Amino acid sequence: MSSAQAKKERLYLFDTTLRDGAQTNGVDFTLTDKQIIAAMLDELGIDYVEGGYPGANPTDTEFFGSKPKFNHARFTAFGMTRRAGRSVSNDPGVAGLLEAKADTICFVAKSSAYQVRVALETTKEENLASIRDSVAAAKAAGREVMLDCEHFFDGYKEDSSFALACAKAAYEAGARWVVLCDTNGGTMPNEVEAIVTEVTRHIPGAHVGIHAHNDTEQAVANSLAAVRAGARQIQGTLNGLGERCGNANLCSLIPTLKLKQEFADALEIGVTPEKLATLVKVSRTLDDMLNRVPNRHAAYVGESAFVTKTGIHASAVLKDPQTYEHVLPELVGNHRKVLVSDQAGRSNVIAELDRAGIAYEKSDPKLTRLVEELKEREAAGYAYESANASFDLLARRTLGKVPHYFEVEQFDVNVEQRYNALGERVTVALAVVKVDVAGEHLISAAEGNGPVNALDVALRKDLGKYQKYIEGLKLIDYRVRILNGGTGAVTRVLIESEDENGDSWTTVGVSPNIIDASFQALMDSVIYKLVKSGAPA
């Protein structure tokens, strides 16, 4: 280890995705979900994985019935300090925490005089005694102990002496960590830095943590402010999950701590460079498990985090990525992307052709035609930055590189309401598609729950000699946007498709007729799959 590394202070990461993150509207973790996510966090290099609140619900109770086999993280149980008027030995909540198969117990207690008076309806003295008794009991049971000082910053601004007394009571009773919580999420970074600086005059910073909520979009900034002031534990969640506006986002904090010189030179975290490169995968895995659309504009891990759209910027990025990138995307497992759009210049198009592996000659006048074609079509409503497969086909067609596989001679769609065999009134769509495949005329019909579904099934039902190439093709998403108002409104349809290998792509269609727009996108999807599969002409 170098002398520079030896001087680095250890900063600990605490993940509360499975507890605080579970309070996100629409998030409901199963036991299996919790087990998978906990293992993923341990593998990433997180120091503390908070699993939930034993006794609060059957899932959390079962989760703490056995300790996960972690290689790095400490499994943490969360719960309240003893209730007012009860002893530690007579409090079922504390008993549940002591029984839980956890390495660490994280108690939560009010540290605001207002909250103690209004929410708990007890005295300051009883609140302090509850903190001391609970921490001491867990410490005596051989557990590592920490205390989340709930409403600490609001409480400090109201009555600093009491807020500090709560923090000191936990530390003096044996707590390894005293965590200062911005529970309502309204504290400013300068306030956090000033208050944490004062706290570290009473409690060593190596025992102080920060738990920030994102109600002013400053949870990450507040966490970093606390670190600057001496705090050495950060609590947060993957993708910033959490109630209301969420918690401090570890997917933003981790790369900042690893890659920004101010922090990287002074602090060491448990996430190695190799594990940092899996961060995008970790972020997307969580979203997939929750059936959530990833935030494409998320810092570091978002799909658009390293995207360049305008021609001047794209040209500069191609010369030197540092012109418009603050870190290398590969460091977090992301990748650079240059979009083709109505703002695109020659540099954007060339970069996309390289990405798609489409051969071209830089002197080919067709490249200029492709740029103009893109601008004309996007002016008409096409969105190629969102439809990679349709851009691929447009480029290949303009450069003369798409085989003529088949021709759709005619299609017809009917929608009718009728009674089914059970006497229920249902709406059914029927589509008929007639295609010419190398002189062979094929007609396919199919029913669907809507006209687009029926068309999709009919088009892929029989493509003659090409049928084997599209067997694994399926439509997984369908999005419609009306581009202007009135009776002649133009519709843009985006279709996302997937093949048997799990590869996905997006195609676009535009027309005043939604069925026509949908069929354009469907056709592009099928033809792209044939090109991708290397189907012979």
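Here the structure is a predicted model, which is why all the values come from computation and not from measurement.
- A salt bridge links E191 to K157: at least one charged side-chain nitrogen sits closer than 4.0 Å to a carboxylate oxygen.
- Taking the six-membered ring where the residue is Trp, F75 and F64 present parallel rings, their angle staying beneath 30° rather than reaching 60°.
- Defined by atom type and a distance below 3.5 Å, a donor-acceptor pair is missing between the side-chain atoms of Y12 and Q235.
- Defined by atom type and a distance below 3.5 Å, a donor-acceptor pair is present between the side-chain atoms of S525 and S497.
- The two residues L98 and I105 come nearest to each other via the heavy atoms CD2-CD1, 3.8 Å.
- Side-chain atoms of N222 and H213 include no donor-acceptor pair closer than 3.5 Å.
- Salt bridge absent: R10 and E268 never bring a charged side-chain N and a carboxylate O closer than 4.0 Å.
- The aromatic rings of H326 and F306 lie parallel to each other, with less than 30° between the two planes, well short of the 60° mark.
- For G96 against P54, the heavy-atom pair with the smallest separation is O-CB, 4.2 Å.
- Between R82 and E126, at least one side-chain N (NZ, or NE/NH1/NH2) sits under 4.0 Å from a carboxylate O, which counts as a salt bridge.
- With hydrogens and angles left out, the side-chain atoms of N127 and S130 include no donor and acceptor closer than 3.5 Å.
- Here CD of E9 is found 6.5 Å from CG of L267. Values are rounded to the nearest 0.5 Å.
- Looking only at atom types and distance, the side chain of Q417 has a donor-acceptor partner in the side chain of T427 under 3.5 Å away.
- No hydrogens or angles considered: a donor-acceptor pair under 3.5 Å links the side chains of S89 and S87.
- A salt bridge is defined here as a Lys NZ or Arg NE, NH1 or NH2 lying under 4.0 Å from an Asp or Glu carboxylate O, and K67 with D103 meets this definition.
- Side-chain contact annotation: Y171 with W177, donor-acceptor N/O pair under 3.5 Å absent.
- Under the 3.5 Å distance criterion, with hydrogens and angles disregarded, no donor-acceptor pair is assigned to the side chains of S111 and Y156.
- Counted within 6.0 Å of NZ on K260, heavy atoms from surrounding residues, nucleotides or ligands total more than 12; the atom is thus considered enclosed.
- Ion pairing between a basic and an acidic side chain is recognised when a charged N comes within 4.0 Å of a carboxylate O; D60 and K34 show such pairing.
- A salt bridge links D159 with K124: the closest approach of a Lys/Arg side-chain nitrogen to an acidic carboxylate oxygen falls below 4.0 angstrom.
- Between the side chains of E50 and T16, a donor-acceptor pair is found at a separation under 3.5 Å.
- Rounding to the nearest 0.5 Å places CG of D182 at 6.5 Å from CG of D154.
- One finds no salt bridge joining E193 and R228 here, because no Lys/Arg side-chain nitrogen approaches an Asp/Glu carboxylate oxygen to under 4.0 Å.
- The two residues A299 and S252 make their nearest non-hydrogen contact at CB-OG, 3.9 Å.
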